[in-house]
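Read the structure below first, then the notes.
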Amino acid sequence: MPRWPLVIAVAQPPTTTYDVVANVAAHADAVRAAAARVVVFPELSLTGYELDAAPVDADDPRLAPLVGACAVTGTTALVGAPVRGESGREHIGMLAVDGGGARVVYRKVHVHEAEARFSPGDGPVVLDVDGWRLGLAICRDTRFAGHDAATAALGMDVYVAAVLDHARDAHVPAERARRVVGDHRVWVATASFAGGTGGGFDPAAGGSAIWGPDGGLLGQAGSEPGEIVRVTLTVPA
């Protein structure tokens, strides 16, 4: 089955910590502005990096404006939030939101010791969108070459990372993206928080970016909230 080009965007919307309603509205605005098949958002993007924020359920009615925006644009939005797991566990999660609703598709594997409230996810995940296999990662996951190797073993075309770094560490996502490209020859799309995020990371680095499988930088945002980078991925002839 042939794969059509995939339009993917990375977004760094303004964040109001703890305010899911305001953040959903900002996400919906970004989805409409991106006009992309996939839009990737940073870690814990729906709550800000506040480690005591309440979990967001996939059927939370506050997500309705984002579901509606995705329905109009035909987008799958990959958004971040604390989520509930089994047996009372909680996770730093990634939800896939489209016109049909939301579902949890990935749980962060390499949680930091400061994130002790959260349990590690079960392991690597790839998400299929129109025949493109998106390998999923959340922030500290990208530190470990074993994580992207295990994800690549599932057959990924694009390594999709939702991250948060302080401005002083703005170089880190690019270094890790270049490692992934060098090891696996895939596209890398990294959505990075910008501006105020909570959790002591102010100011956050921004710099959301997309790299090609040859290591070339295809587009990069600046350090300000509200920026979006959009790239069309194609299958080599």
Enumerate, atom names and distances included, each donor-acceptor pair closer than 3.5 Å involving a side-chain atom of residues 171-179, sequence neighbours excluded.
residue	atom	partner	partner atom	Å
Arg176	NH1	Thr142	OG1	3.2
Arg179	NH1	Thr142	O	3.0
Arg179	NH2	Thr142	O	2.9
Arg179	NH2	Asp148	OD2	2.2

Atom pairs and distances, side-chain donor-acceptor, residues 204-223, under 3.5 Å, sequence neighbours left out:
residue	atom	partner	partner atom	Å
Ser208	OG	Gln12	OE1	2.8
Ser208	OG	Ser192	N	2.8
Ser208	OG	Ser192	O	3.2
Asp214	OD1	Gly216	N	2.9
Gln220	NE2	Gly207	O	3.2

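Under a hydrophobic clustering in which Ile, Leu, Val, Met, Phe, Trp and Tyr are joined whenever their side-chain heavy atoms come within less than 4.5 Å, directly or via other members, Tyr18 and Phe118 fall into different clusters.
Residues Val129 and Leu134 are in side-chain contact: their nearest non-hydrogen atoms beyond the backbone lie under 4.5 Å apart. Here the side chains of Asp141 and Tyr106 are in contact, with some heavy-atom distance below 4.5 Å.
A distance-only check finds no donor-acceptor pair linking the side chain of Trp132 to the backbone of Leu127 [under 3.5 Å]. Put simply, the side chain of Asn23 gets close to the backbone of Thr16: a donor and an acceptor are under 3.5 Å apart. Using modelled atom types, no side-chain atom of His184 and backbone atom of Val186 make a donor-acceptor pair closer than 3.5 Å. Judged by distance alone, the side chain of His166 and the main-chain N or O of Arg168 form a donor-acceptor pair under 3.5 Å. Without hydrogens or angle criteria, Arg107 side chain to Met94 main chain gives no donor-acceptor distance under 3.5 Å. Put simply, the side chain of Arg230 never gets that close to the backbone of Ala9: no donor and acceptor are under 3.5 Å apart. Between the His110 side chain and the Arg140 main chain, no donor and acceptor come within less than 3.5 Å of each other.
A salt bridge links Arg37 to Asp130: at least one charged side-chain nitrogen sits closer than 4.0 Å to a carboxylate oxygen. Between Glu115 and Lys108 there is a salt bridge, since a side-chain N of the basic residue sits under 4.0 Å from a carboxylate O of the acidic one.
Pairing each heavy atom of Ala11 with each of Ile228, the nearest pair is CB-CG1, 4.1 Å. Counting all heavy atoms, side chain and backbone alike, Thr151 lies closest to Pro124 at OG1-CB, 3.4 Å.
For Arg143, there are no side chain to side chain donor-acceptor pair (under 3.5 Å) partners two or more places apart in sequence or in a different chain. Partners of Arg89 under the side chain to side chain donor-acceptor pair (under 3.5 Å) rule, at least two apart in sequence or in another chain, do not exist in this structure. A search for ring-ring contact (aromatic ring centres under 6.0 Å, His included) contacts involving Tyr49 returns Phe201, not counting sequence neighbours.
The OG1 atom of Thr15 lies 4.0 Å from the CZ atom of Phe193; values are rounded to the nearest 0.5 Å. Going from atom CG of Leu95 over to atom CG of Leu46 covers 7.0 Å, rounded to the nearest 0.5 Å.
When each of Leu44, Val109, Ile92 is tested with Ile138 by the rule side-chain contact (heavy atoms from CB on, under 4.5 Å), just one qualifies, namely Ile92. The side-chain contact (heavy atoms from CB on, under 4.5 Å) test with Val97 is passed by exactly one of Val31, Val39, Leu66: Leu66.
Between Phe41 and His27, the ring planes are parallel. Angles under 30° get that label, and only those over 60° would be called perpendicular.
Screening residues 47-62 for salt bridge (charged side-chain N to carboxylate O under 4.0 Å, His left out), with sequence neighbours left out, gives Asp57-Arg84, Asp60-Arg62.
Side-chain contact annotation: Tyr159 with Asp183, donor-acceptor N/O pair under 3.5 Å absent.
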